[in-house]
Amino acid sequence: MVRKCIFPVAGYGTRFLPATKSMPKEMLTVVNKPLVQYGVEEALAAGMTDIGFVTGRGKRAIHDHFDISYELEHQIAGTSREARLAGIREVIEKGKFSSTRQKSMKGLGHAILTGELLVGNEPFGVILADDLCFGEGASVMQQLLDVHNYYGQSVVAIQEVPEDQISKFGVIDGTEIEPGLYRVSGMVEKPNPEDAPSNLAIIGRYILTPDIFDILRNTPPGANGEVQITDALLTQAKKGRVLALKFKGRRFDCGSVDGFVEATNFVYQNLYLKDKQ
Ligand code: UTP
């Protein structure tokens with residue numbers, strides 16, 4: 001059973017300045033819901049009820065979002081507006097929320113290591129809320145979980161990306177062992193297109209086995225002087241202990257303005273308008 005899910009939310013979100021000057025990137029709203037709520041709902045739907053935020057300065061709005069707002073609730077109780085709070089109330093009801101602080105931004109790997117305090121010694125999920133995912137059939141986290149439950153190993157979500165995009169991602173090398181499922185043999189963070197081992201890029205959904213923490217502790221800073229989760233996963237992969245799943249569904253890079261606008265149009269057309277009918 002995987003009960004815990006870590007949300008690294010300490011980044012500065014500089015691509016969204018000035019919006020993210022005093023507001024966390026994860027609170028940017030796709031139609032009428034903040035990015036982080038989509039992610040938390042995905043974790044809860046996969047049975048991961050212990051939600052741990054790895055935060056930084058200026059992220060208080062995230063904590064407040066997952067807490068009761070007595071004054072507001074009191075004001076709108078008994079009116080038609082109350083229904084708009086039903087979704088977040090259910091999330092607050094189902095989830096247990098905790099947080100810890102990453103004191104300095106030393107990379108995603110370092111953020112995950114900071115989350116050890118919230119995880120302990122068991123497999124756990126990781127969701128990067130700025131990658132907004134809509135699974136086909138099951139959520140993307142549930143698809144990873146199904147693989148993890150069978151193989152008992154770390155699993156990362158991957159998607160095919162065009163050559164001119166490849167240098168933005170961690171990229172895997174591996175052997176397909178089932179349709180869409182790869183045993184990872186190599187990984188490179190942000191490769192030049194000519195050095196990329198494949199066009200299969202890692203996106204912001206992971207299930208990690210807890211030995212990753214010791215590996216992270218011993219992983220020196222890599223690309224951009226940051227501790228990269230890709231480098232730590234490579235150590236696991238060399239022992240044949242990492243799988244990569246080409247998930248079914250769509251992913252939007254909401255850390256970029258273009259991806260965010262695309263996601264907004266998609267959610268408005270496919271979810272919001274349909275819900276209203
Ligand atoms: P990004 O590089 O996409 O996020 O990191 P960022 O740094 O906030 O964005 P830009 O590039 O400045 O616009 C991927 C994820 O990892 C988290 C971020 O919050 C984001 O969800 N992260 C990254 C941390 O929590 N800590 C870090 O040290 C680095």
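Numbering of ligands and ligand atoms starts at 1, following listing order.
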To the nearest 0.1 Å, how far is [atom] from its closest protein heavy atom, and which atom is that?
atom: atom 21 (O) of ligand 1; result: Pro8 O, 3.1 Å
atom: atom 11 (O) of ligand 1; result: Arg15 NE, 3.2 Å
atom: atom 14 (C) of ligand 1; result: Leu128 CD1, 4.2 Å
atom: atom 9 (O) of ligand 1; result: Lys25 NZ, 3.2 Å
atom: atom 8 (O) of ligand 1; result: Gly13 N, 2.8 Å

- [ ] Using a 4.0 Å heavy-atom threshold (strictly under), name the region of Ala111 that reaches ligand 1: side chain, backbone, both or neither.
- [x]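 Only the side chain of Ala111 comes within reach of ligand 1.
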
Task: Glu26 contact mode with ligand 1 (heavy-atom cut-off under 4.0 Å) - done: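 The answer is the side chain.
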
Open item on the list: Any nitrogen or oxygen of Glu226, side chain or backbone, less than 3.5 Å from one on ligand 1?
Closed with: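 Looking only at distances, the answer is no, because the N/O contact criterion of under 3.5 Å is not met.
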
- [ ] Output yes when the distance from some N or O of ligand 1 to some N or O of Ala10 is under 3.5 Å, and no in every other case.
- [x]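 By distance alone, the answer is yes.
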
Task: Any donor-acceptor N/O pair, Tyr151 side chain to Arg241 backbone, under 3.5 Å - done: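 Not at all, since once roles are kept as given, no pair shorter than 3.5 Å links the two residues.
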
Task: Side chain His148, main chain Gln153, donor-acceptor under 3.5 Å - done: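 At least one qualifying donor-acceptor pair exists.
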
TODO: Determine, using ring centers only, whether Phe266 and Phe252 are less than 6.0 Å apart.
DONE: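 Under 6.0 Å, so yes.
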
Open item on the list: Protein heavy atoms near atom 5 (O) of ligand 1, is at least one of them under 4.0 angstrom away?
Closed with: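 No.
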
Open item on the list: Heavy-atom count check: over 12 atoms from other residues, nucleotides or ligands less than 6.0 Å from Arg89 CZ?
Closed with: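 Counting other residues, nucleotides and ligands, CZ of Arg89 exceeds 12 neighbours.
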
TODO: Count the heavy atoms of every other residue, nucleotide or ligand shown that sit under 6.0 Å from CD of Glu194, and state whether that count exceeds 12.
DONE: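 Yes, enclosed.
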
Open item on the list: Give the atom numbers and elements of ligand 1 that come within less than 4.0 Å of a heavy atom of Lys106.
Closed with: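 Every atom of ligand 1 under 4.0 Å from some heavy atom of Lys106: 28 (O).
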
- [ ] Could you list the atoms of ligand 1 found under 4.0 angstrom from a heavy atom of Met105?
- [x]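 Contacts of ligand 1 toward Met105, numbered from 1: 28 (O).
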
- [ ] Using the ring of Tyr38 (Phe, Tyr or Trp, six-membered ring only), decide whether Lys33 places NZ or CZ under 6.0 Å from its centre and within 45 degrees of its axis.
- [x]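 Verdict for Tyr38: a cation-pi partner in Lys33.
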
Task: Salt-bridge present (Glu41, Lys94; N to O < 4.0 Å) - done: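 Salt bridge absent between Glu41 and Lys94.
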
- [ ] Look at the aromatic rings of Phe53 and Phe97 and report parallel, tilted or perpendicular, splitting at 30° and 60°.
- [x]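 Answer is parallel, since the angle falls under 30°.
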
- [ ] Measure up the Phe213 and Phe124 rings against each other and bin them: parallel (under 30°), tilted (30 to 60°), perpendicular (over 60°).
- [x]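 It falls in the parallel class, under 30°.
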
Task: From the candidates Ala129, Gly11, Gly107, Pro24, the one that places a heavy atom nearest atom 29 (C) of ligand 1 - done: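 Shortest heavy-atom distance from atom 29 (C) of ligand 1: Gly107.
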
- [ ] May I ask which of Leu108, Asp130, Ile6, Thr14 has a heavy atom nearer to atom 16 (O) of ligand 1 than the others do?
- [x]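 Shortest heavy-atom distance from atom 16 (O) of ligand 1: Leu108.
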
TODO: Answer with yes or no whether Gln102 contacts ligand 1, where contact means a heavy atom under 4.0 Å from a ligand atom.
DONE: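 So Gln102 counts as touching ligand 1.
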
- [ ] Go through Gln143 and Arg205 one step at a time and tell me if the side-chain hydrogen bond (donor to acceptor under 3.5 Å, both in side chains) criterion holds.
- [x] CA-CA 10 Å; Gln143 293 175 41; Arg205 298 290 181 279; over 6 Å; no

